Amino acid sequence: MLTEMQGNALRLVDCDRRAVDLGLTRGMTLADARARIPDLVALETQAQADCEFLEALAGFCDRFTPLVALDEPHGLILDITGCAHLFGGERGLGNLAGRAMQRGGLKLKAAIAGTPDAARACARHGLGGIIPPGQEEAWLRPLPTAALDTDAETVIALSRAGLKTLAHLAERPSETLSARFGEAMAVKLRRILGHEDRRITPLRPPPDCVVERHFAEPFADTASLEAVVVRLIGEAARVLEARGEGGRVFELGFFRSDGAVRRLALETGRPSRDAKALLRLYRERIETLSDPLDPGFGFDAIKLAVPLCEPLDTPQHSLDGRAIEEEAVADLVDRLVTRFGRDRVLRFAAQDTHHPVRAAKALSAAAPLPDAAWSAPEPQEPPTRPLQLFEPPQPVEAIAEVPDGPPIRFRWRRLIHDVARAEGPERIAPEWWRDGSDEPMRDYYRVEDAEGRRFWLYRIGFYEAGNNPPRWFLHGLFA
Amino acid sequence: MSETASTLSDLRRSLSEAALRGGPVAAGRIGLGVPALDEVLNGGLARAALHEVYAAEVADLAAATGFALGLALRAGAADEKAGAFSSEAAPGSREETRNGSSERSILWARQDFVDAEAGRLHAPGLNEFGLDPSRLLLVRARDGEGVLRAGAEAARCSALGAVLIEPWGEPRPFDLTASRRLALAAEASGVPVLLLRVAATEAPSAARTRWQVRALASRALEANAPGAPAFALRLLRQRGGVAEREWRVEWDRDRHRFAECSLFDRSFRTDHAAPLSRPLVPLSGDGQIAADGRDTRLRRAG
């Protein structure tokens, strides 16, 4: 027995068979039900958990067809166009799904029809089963008007008018129906009776390319698992090659015999259909899984989907080996991205700003680098920017010449550094359009201490201005 | 049909990869640009090998980083001096390798802790050191093991110009076996692998050479401004060669080479006639620069 807070009272939202036999109905308040049956077991509904379970179930059904849509709260709609023959026809598919659900302790009521709405109405309000093509109207006419899924008031209004079944409605001209109850109802009726088809919105968008293997017996052996993956990858590569495309994302679905589905995604930096490189990525991915692939009682299906494809011409090898080198580096980047994650394999892009921190942006190497050239350093000058930059800058204590001389001595990380050489100040103004006008100006100095270590220090504030003494920060280290 | 095509392209690829690997550059050495140093090294650092660079102290990390980066850049650039020592370098191939390999990517695997201790890599600084930042591939790893994995993976890729591996301290995975593996990978791919060690004591390894780097006072420019990066190098170990020698070098960014600097001869390389560095001019005239009348009053701040 499940309850839910509706308005101000706890009401029953779902009852099991025994409760129904005892005369309890949905919508009854829990207090009423308790008055009738004192030792009632009532639990609160968990809509979130229900939803998650339904989604997991949808993932399971992915083995039948890639087009699975949720029909909340308790249903799934599968578009099995062109799939049924793989499972022994529609009847075979229905039996297979029924048996699978039964194993998981669920009771399946299923219907197969020409349109999703017809099948749904048949499963929810009829007896279920397989409606032969073109027979939707004949089968579904006897269903009650509740099959239209409108609110209770409309159903009552219809029944007051003497319209109790879909047949009664279908006999009326649709103009009068839509005039009284809205166009939506007329459309719904046409759909249920199979006069009009609609597309379902699948939970997972259908991939551009899918290859899969189903096994008569589940198996759990890692070596044969990899052998299957190798064949799938090879097959997908051939399909992609024939189309002149390459995949950016490859998704492997491992369907366990107990219904659990594990999905692994492989991403590549550029479209690819190189079976060897993909296999390396797969191995890398398997190796870096935080929770390893658990075969349980074995997998009974494996599916490789390519959700994202891009045009890829047959590679033309140039004579100087330049393209091959670039490709080898891109392969390496893919492997590193698979192992370490997108945000850990980086390239630097130049930014048009004088702000020291913003002058470079670290971007993921998985995406192509924006084309911004770095300005060539001025010849015969020493580097004016440090190799390594502290972010945030580290405060230091410094003694400096007034008003704006370089520091003479400073203390950083408890060590005193005596400055032997210095250059500056290089004044870097804040970017008021980004930082706001409160950000203080910075005077940067390149200094070298007595031991030859080179630092980049800056001062905020001036010695003369007001009472606040200026503060010194260490921002970077030169080689 | 498609299978034969892919076999054919695989063969083509392996052929051209073999050609890349077996070229005169791959077999050759990386000249540092300092004749005295190159002589001791028999013509330069072996290219297809593992080399270790130790920072003398933690505070010398920036200097060690600079030296290792310099080596990586030298590995990318063909050296005019290299021909004098290595007999394999055919005259025709040199120009080609300069164009080909100087633009190869450099992979830098860095442990997160180094970023916290010594600051992040700063792309404009790399640019001013002579490395075009778009050539750099940075892998940030959480721990020593990750750094080693990334480095080992990269060392097998013959399309890279150099691989820099920078762990912090002495992570457990960096043992003799790991260094042998890196050295073997470097030999197979022909890519120099530079292991940058900081806060670590020397340990037996399969490295061909081991360096210790200390920061060195630079040659002052006009107005006592710090000059080009300078390093005090110490060759701690060289397999099958002389070791325990010291040099003082500075990095010549414009020519992508090291140059020896003598401690006593401050006027070293005056023939070069470098235009003297100007003091930098402030961007806005808010605070006045102290002109000639240097105020010598000192104040404590911070």
Side-chain angles (χ1 to χ4, degrees), chain A residues 238 241 317 321 324-325 328-329 332 335-336 340 344-348 359-360 365 369 374 377 379-391 396-405 420-421 423-427 429 446 448 451-454 462-463 469-472 476-479, chain B residues 2 12-13 16 20 59 62-63 65-66 105 118-129 132-134 136-141 146 150 153-154 157 159 215-218 220 224-229 253-254 274-275 277 279-280 282-284 286-287 289-290 295 297-302:
Chain A
R238 273 193 294 281
E241 188 170 9
H317 295 305
I324 296 169
E325 266 181 28
V329 173
L332 175 70
R335 266 174 279 150
L336 292 170
F340 294 98
R344 297 210 150 246
V345 185
L346 307 168
R347 277 185 191 278
F348 290 106
L369 201 64
W374 294 84
Q380 317 246 336
E381 289 283 328
T384 56
R385 291 286 179 269
L387 265 191
Q388 316 191 46
L389 197 75
F390 287 103
E391 198 51 47
V396 292
E397 286 174 33
I399 301 173
E401 266 178 59
V402 289
D404 57 1
R421 308 188 207 297
E423 183 185 54
E426 178 188 0
R427 178 159 296 173
R446 266 181 345 110
E448 180 178 299
E451 287 169 70
R453 290 167 190 140
R454 284 160 285 274
F462 303 105
Y463 281 94
R471 286 177 297 148
W472 285 88
L477 304 174
F478 290 95
Chain B
S2 63
R12 257 187 213 132
R13 180 183 311 199
S16 50
L20 284 173
T65 308
S105 298
R120 294 183 192 164
L121 286 183
H122 188 47
L126 295 170
N127 187 33
E128 298 217 350
F129 198 84
D132 179 1
S134 53
L136 182 72
L137 256 173
L138 175 67
V139 182
R140 298 180 59 224
E153 184 80 54
C157 177
L216 179 69
S218 60
N224 202 26
R253 190 253 337 272
D254 298 329
S277 166
L280 296 160
L283 287 174
S284 82
D286 240 80
I289 281 192
D295 199 338
R297 282 180 298 141
L298 302 184
R299 257 189 226 179
R300 191 181 170 82

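In the text below, chain A, chain B and the rest are named by the order of the sequence lines, each starting its count at 1. It should be emphasised that the depicted structure is a prediction, and the values quoted were computed from it without experimental measurement. Reckoned from all heavy atoms, side chains included, excluding hydrogens, waters and symmetry mates.
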Participant: Side chains of R347(A) and S134(B): closer than 4.5 Å at any heavy-atom pair?
Facilitator: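 A side-chain contact under 4.5 Å is absent here.
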
Participant: Considering non-hydrogen atoms only, spot the tightest contact between A360(A) and A123(B) and give its length.
Facilitator: CB-CB, 3.4 Å

Participant: Is there a donor-acceptor pair under 3.5 Å between the side chain of D254(B) and the backbone N or O of Q380(A)?
Facilitator: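 Yes, because the side chain of D254(B) sits within donor-acceptor range (under 3.5 Å) of the backbone of Q380(A).
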
Participant: Which heavy atom of P124(B) sits nearest to which heavy atom of A359(A), and what is that distance?
Facilitator: CG-CB, 3.7 Å

Participant: Please classify the contact of N127(B) with chain A as side chain, backbone, both or neither, using a heavy-atom distance under 4.5 Å.
Facilitator: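 Looking at N127(B), backbone and side chain both touch chain A.
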
Participant: Is it true that a side-chain atom of R454(A) and a backbone atom of A217(B) form a donor plus acceptor pair closer than 3.5 Å?
Facilitator: no

Participant: What do the steps show when you test L121(B) against L387(A) for side-chain contact (heavy atoms from CB on, under 4.5 Å), and what is the final call?
Facilitator: CA-CA 6 Å; L121(B) 286 183; L387(A) 265 191; 5.7 Å; no

Participant: Taking all heavy atoms of R421(A) and all of A225(B), pick out the closest pair and write down the distance.
Facilitator: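 Nearest pair, atom of R421(A) first, then A225(B): CD-O, 4.0 Å.
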
Participant: Between G146(B) and F340(A), which heavy-atom pair has the shortest distance, and what is it?
Facilitator: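 Taking G146(B) first and F340(A) second, the nearest heavy atoms are O-CZ, 3.2 Å.
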
Participant: Nearest 0.5 angstrom please: W374(A) CH2 to L126(B) CG, how far?
Facilitator: 8.0 Å

Participant: Looking at R335(A), R344(A), E451(A), R385(A), which has the largest count of heavy-atom pairs under 4.5 Å with chain B?
Facilitator: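 Among R335(A), R344(A), E451(A), R385(A), the one with the most close pairs to chain B is R344(A).
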
Participant: For the residue pair P382(A) and P226(B), establish whether any side-chain heavy-atom pair is separated by less than 4.5 Å.
Facilitator: no

Participant: Please report the shortest heavy-atom distance between A118(B) and L477(A), naming the atom on each side.
Facilitator: O-CD1, 3.7 Å

Participant: Do E448(A) side-chain atoms and S218(B) backbone N/O form a donor-acceptor pair below 3.5 Å?
Facilitator: yes

Participant: Working note: H122(B) + Q388(A), criterion side-chain contact (heavy atoms from CB on, under 4.5 Å); need CA distance, chi angles, decisive distance, verdict.
Facilitator: CA-CA 5 Å; H122(B) 188 47; Q388(A) 316 191 46; 5.9 Å; no

Participant: If we only count heavy atoms from C-beta on, is the P377(A) to F129(B) side-chain gap below 4.5 Å?
Facilitator: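 When only atoms from C-beta onward are counted, F129(B) and P377(A) do not touch, as no gap falls below 4.5 Å.
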
Participant: Do the non-hydrogen side-chain atoms of L137(B) and V329(A) ever get within less than 4.5 Å of each other?
Facilitator: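 Yes - at least one pair of side-chain heavy atoms lies under 4.5 Å apart.
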
Participant: What is the distance from atom CG of L336(A) to atom CZ of R140(B), rounded to the nearest 0.5 Å?
Facilitator: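 Rounded to the nearest 0.5 Å, the CG-CZ separation comes out at 14.5 Å.
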
Participant: Output the option from A63(B), A154(B), G66(B), A59(B) having the highest count of non-hydrogen pairs under 4.5 Å with chain A.
Facilitator: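 Between A63(B), A154(B), G66(B), A59(B), the count favours A59(B).
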
Participant: Need one label for R253(B): side chain, backbone, both or neither, based on atoms under 4.5 Å from any heavy atom in chain A.
Facilitator: side chain

